[in-house]
Amino acid sequence: MSHEADVTDMSDVAPGVLDEGTGNVWRMVLLYLVGLILAASLTAGSFLVVGTNLIWGPGIPAALVVLAIGQIGVHLVFFLHLTTAPDNTNTALALAFGVLIVALVLGGSLWIMAHLDHRMMMPMPSAPFS
Amino acid sequence: MTSTELSRSAYLRDSDPYKVGRGGNRGPIGAALGTDIDATGRGEGGPASRRVVVGYGFWIFLVSDIVMFSAFFAAHAVLQNATAGGPSGRELFNPFSIAVETACLLLSSFTCGMSSLATKARNLVFTEVFLFVTGLLGLVFLILETRDFAGMISSGAGPQRSAFLSSFFALVGLHGVHVSAGLLWLGTMMAQVVSKGFRPNILRRLMCFTLFWHVLDIIWVALFTVVYLIGEGR
């Protein structure tokens, strides 16, 4: 069963696979190289932002988050070949659902715990809730 | 491109923009064009090819893996300041070591992509060479990370020191365990490519490995940003 030939189908592409029809290897190497250069420069940007006074101190975390999201986007497009093409719809939808859960877990935890910290710091009321 | 191909691609483009299902039957237009393009969205073309099903299933696993990582990230983000009087990130992290580890993983992601291109061209030598370089860079990453961990633990900043360090070791260690598992998988694939050749099942495994390795690098991007760079500012 597992030895059967896999049919290539122009309307269906597995996640992370470049379009089966594209023939020129060097053009794809170039695509990976562009991705590598973009990712490397974004990484270098992150380290630069931390190591120098290029950005106003309190703004550094926001800049780092933006650079990281940009780099994750570069990885998805140039290394995992995620596109908005019809054959990528299922892949992109699964990822979007994952991102939703990640946002809920991260945002929810931070929100709840920040709220809890805030309440713990309030002075105790003289008459506790009975 | 012939006019038949042109009108076929135009039909494919206009008929079902989201291509949610697979066609199979030759409808009137499909018969005229000589291709199976009708009945899209009704699943009459049968299941997708094994390659697509395996790849998609593995993609779902990777997304669930990312969700698991998000729980560790959330714990670390919440406990980042809970140092219990112990050392904070600023005193512990070595930016140079982190930069080298990041470069190793990024380059290994690139060479992993190169090996997938070599596989696509059915070039055994380059597939193996690029897989080997990928593994080597992964190994350098792991050695550096282990050295960092050993240094922290020996200086009394082990996982039991504070909640911050517990969450740090859990999160970064989990990523390290993934990289170790990836290296074992990589070695297995190098052996299987040599002994079994580019058979369809081996090609599918290589595809899944490539996906796994790229996603590990994506997680590392989030990790070095949140844990090391933002953590260092505290």
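Each chain gets a letter, A, B and so on, in the order its sequence line appears, and its residues count up from 1.
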Let's test your reading of the structure: which of [options] forms the most heavy-atom pairs below 4.5 Å with chain B?
options: A:Leu76, A:Val102, A:Ile101; result: A:Val102
options: A:Ala44, A:Gly98, A:Ala94; result: A:Ala94
options: A:Leu80, A:Val99, A:Asn88; result: A:Leu80

B:Phe198 CZ: over 12 foreign heavy atoms closer than 6.0 Å: yes
Atom OH of B:Tyr56: over 12 foreign heavy atoms under 6.0 Å: yes
Non-hydrogen atoms of B:Met114 and A:Tyr32 that approach each other most closely: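 Closest approach of B:Met114 to A:Tyr32, heavy atoms only: CE-CB, 3.4 Å.
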Interchain contact, A:Ala114 with chain B, by part (heavy-atom threshold 4.5 Å):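 Neither part, no heavy atoms under 4.5 Å.
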Side chain, backbone, both or neither of A:Leu33 within contact of chain B (heavy atoms, under 4.5 Å): both
Close approach to chain A in residues 61-71 of chain B, criterion heavy atom under 4.5 Å: B:Val63, B:Ile66, B:Val67, B:Ser70, B:Ala71
Top contributor to chain A interface from B:Leu106, B:Thr210, B:Thr225, B:Ile202 [non-hydrogen pairs under 4.5 Å]: B:Leu106
Among the listed options B:Cys112, B:Ala99, B:Pro95, the residue most often paired with chain A at heavy-atom distances under 4.5 Å: B:Ala99
B:Trp59: partners by side chain to side chain donor-acceptor pair (under 3.5 Å), with sequence neighbours left out: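 Side chain to side chain donor-acceptor pair (under 3.5 Å) check on B:Trp59 returns nothing, list empty.
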Set of residues satisfying side chain to side chain donor-acceptor pair (under 3.5 Å) with respect to B:Thr102, sequence neighbours excluded: B:Trp220
Pairwise distance OG(B:Ser116) to CZ(A:Phe79) - rounded to 0.5 angstrom: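 It comes to 10.5 Å.
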Pairwise distance CZ(B:Phe110) to CD1(A:Ile37) - rounded to 0.5 angstrom: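 B:Phe110 CZ to A:Ile37 CD1: 8.5 Å, rounded to 0.5 Å.
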Report, one line per pair, each donor and acceptor closer than 3.5 Å where one atom sits in a side chain of residues 47-75 of chain A; sequence neighbours left out.
from: A:Thr52; atom 1: OG1; to: A:Leu48; atom 2: O; distance (Å): 2.7
from: A:Thr52; atom 1: OG1; to: A:Leu54; atom 2: N; distance (Å): 3.4
from: A:Gln71; atom 1: OE1; to: A:Thr43; atom 2: OG1; distance (Å): 3.0
from: A:Gln71; atom 1: NE2; to: A:Thr43; atom 2: OG1; distance (Å): 3.0
from: A:Gln71; atom 1: NE2; to: A:His75; atom 2: NE2; distance (Å): 3.4

Go through the atoms of [X] and report whether side chain, backbone, both or neither lie under 4.5 Å from a heavy atom of chain A.
X: B:Phe58; result: neither
X: B:Ile218; result: both
X: B:Ala77; result: both

